[in-house]
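Worksheet for the structure shown next.
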Protein chains: 2
Amino acid sequence: MMDNFENVNSRRTRPAKPPLGLDIIIRTAYKLLSENGMSGMSMRKVAKSLDTGPASLYVYVENYQKLSAYVLDYGLRDVKLVEDDTVYWKDAIINVLKSYFKVLAETPGLAELALTTSPNGTNSMDINECLLKYLQAGGISTRSAAWGIDILLLYVSSLSFERVLRNKKDDDLDDLVALYNTVDVSKYPMISKLKSELFSGDGGERFSWGIEVILQGLLSMQNN
Amino acid sequence: MMDNFENVNSRRTRPAKPPLGLDIIIRTAYKLLSENGMSGMSMRKVAKSLDTGPASLYVYVENYQKLSAYVLDYGLRDVKLVEDDTVYWKDAIINVLKSYFKVLAETPGLAELALTTSPNGTNSMDINECLLKYLQAGGISTRSAAWGIDILLLYVSSLSFERVLRNKKDDDLDDLVALYNTVDVSKYPMISKLKSELFSGDGGERFSWGIEVILQGLLSMQNN
DNA sequence: ACCTGAACACCGTTCAAGT
DNA sequence: ACCTGAACACCGTTCAAGT
């Protein structure tokens, strides 16, 4: 029954070629992304990985950008949502965002994708729904909640993107540190003074700090 | 004297070829970017535009990413800083960020560059120095100021990137709106309720709202 | 309808040879 | 040291021909 595609007395010489379809294309693209980062995922590589030509993909995916949006959403499937209604709203939000951060930071390329692509699928909708629920539970107004999830997710995405850069060889950041270290004290008094703070924060500390800033800011908008 | 490269009785048939150098490379790349967006700028196109082969650029620029960092900083040269010490600190910050937003939104590709590249140059340092100064003037702590400029610039960059997407044909956003409009009310009660808010905001309104949120949040961290 | 190799019009980067 | 054409190893997307 599983050997539909082989003749009766088959002795496989290579794995059965799976039939093409949107799902398998997304999963294959995600696998390439998570193994080799952003540059590991391309239409051609996905096609090759599925043992076909690049043109075949266009039956199921309009273009590379659309595929990226699907892959991003697929990558977000592991984000753990909080379902417990008795959890304090702030803790719930922090837990969801921590999981979001972890997923982005663990999968090479996913953070970069999150910064430049709008995810297309139900996983991102589940995350939005969950965050909206707890923001409203915290007494944050409709509009603040709607716009607030964007800031929260943006902030966390960029933190994890930075983290990913830091973990690579990262010539760019070295350049930036060098630039800031050779700075003219009289021309840039503030930067000189705060030099260490500008690149400080072990990630965890800065993560919590930023979420707190945004949530406090949202709360303060209640009366506007 | 200017005709060094021509024979004595020259009658130019095409403009004198400018000597190569980092500056002219950056300016040429920026020109291509601002005329044709992100995809209009490439090593090969810059080289062709300078009437040479792509290999020539590598004498002055290590790679494409470094060039991007230079171009981004160069693009920020038009951001108007506030020098007046009598301006209220919040107004100063809002004015600088408004100018930053305008510059990113007006130059195709620059907003996208800002989201994925750390600028390399003095223009971005001037902006940082200026924002740090006014944040401190507002009584915001050293650490909050240092980390706060990142959030502020990130927020404004992403807003202008969204704006740029919206102004293009933008299939992606249409898909997203479609997805949110066909949403199951019982599975996504919050999203259904806030649907209109999620895509609302004429830009200006949302801009001011976000800056206010972040500044209020930063202020509330003073006692931590 | 689905599948595909080949072609088209590009990329960034390096090599080898020039000056 | 600076410059460069050609080559290398790739891209996304479309065409034309197959089933």
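FYI, side chains are in, hydrogens and waters are out, and symmetry mates aren't considered; it's all heavy atoms of this structure.
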Starting at CD of A/Gln65 and ending at P of D/dT13, how long is that distance when rounded to a whole Å?
9 Å

Selected nucleotide, minimal atom distance to A/Asn63 side chain, candidates C/dG5, D/dT4, D/dT13:
D/dT13

Straight-line distance of A/Lys187 NZ to B/Glu129 CD, nearest 0.5 Å
10.0 Å

Checking D/dG12, C/dT4, C/dG12 against the side chain of A/Thr52 (C-beta onward), the nearest is C/dT4

Across all strands, who's sitting opposite C/dA6 as a Watson-Crick or G-U wobble pair, both distances under 3.5 Å?
D/dT14

In whole Å, I'd like the distance from the CG atom of A/Leu20 to the C1' atom of C/dA1.
13 Å

Nearest-Å distance for atom pair CE/P, residues A/Met43 and C/dC11:
19 Å

Taking atom types as modelled, is there a side-chain donor on B/Tyr180 or A/Asn128 under 3.5 Å from an acceptor on the other?
yes

Do any of residues 24-37 of chain A sit with a heavy atom less than 4.0 Å from DNA chain D, and if so which?
none

Touch check for A/Lys45, heavy atoms < 4.0 angstrom, all strands: base, sugar-phosphate only, or nothing?
sugar-phosphate

Any-strand Watson-Crick or G-U partner of C/dT19, both distances under 3.5 Å:
D/dA1

Taken to the nearest 0.5 Å, the spacing of A/Tyr30 OH from A/Leu72 CG works out to 10.5 Å

Specify the separation, in whole Å, of atom CG of A/Asp51 and atom P of C/dC2.
20 Å

Of the candidate nucleotides C/dG12, D/dG12, D/dC3, which contains the atom at the shortest distance from the side chain of B/Val59?
D/dC3

If we check side chain to side chain contact (heavy atoms under 4.5 Å, CB included) with A/Leu67, which of these qualifies: A/Asn120, A/Leu22, A/Leu57, A/Val61?
A/Val61

Separation of D/dC3 atom C1' from B/Tyr60 atom OH, nearest Å, is 8 Å

Suppose we screen for ring pair (Phe, Tyr, Trp, His ring centres under 6.0 Å). Which residues come up paired with A/Phe161, at least two apart in sequence or across chains?
none

I'd like the C1' distance from C/dC2 over to D/dA16, given in whole Å.
15 Å

Just checking, any donor-acceptor pair under 3.5 angstrom between side chains of A/Tyr100 and A/Ser157?
yes

Whole angstrom is fine here: how far is it from OH in B/Tyr64 over to P in D/dC11?
17 Å

Spacing of the P atoms in D/dC10 and C/dA9 (rounded, Å)
22 Å

What do the steps show when you test A/Arg206 against A/Leu159 for side chain to side chain contact (heavy atoms under 4.5 Å, CB included), and what is the final call?
CA-CA 9 Å; A/Arg206 203 163 154 190; A/Leu159 263 197; 4.2 Å; yes

Candidates C/dG12, D/dT13, C/dT14 - which lies nearest the side chain of B/Arg44:
C/dG12

Just compare C/dA6, C/dG12, D/dC11 and give me whichever is closest to any side-chain atom of A/Ser42.
D/dC11

Rounded to the nearest angstrom, tell me the gap between atom CG in A/Leu57 and atom C1' in D/dG12.
11 Å

State which of D/dG12, C/dT14, C/dC3 makes the closest approach to the side chain of A/Ser56.
C/dC3

Should the heavy atoms of other residues, nucleotides or ligands under 6.0 Å from NZ of B/Lys66 be counted, would the total exceed 12?
yes

Expressed in angstrom and rounded to an integer, what is the separation of B/Lys48 atom NZ from D/dG5 atom C1'?
13 Å

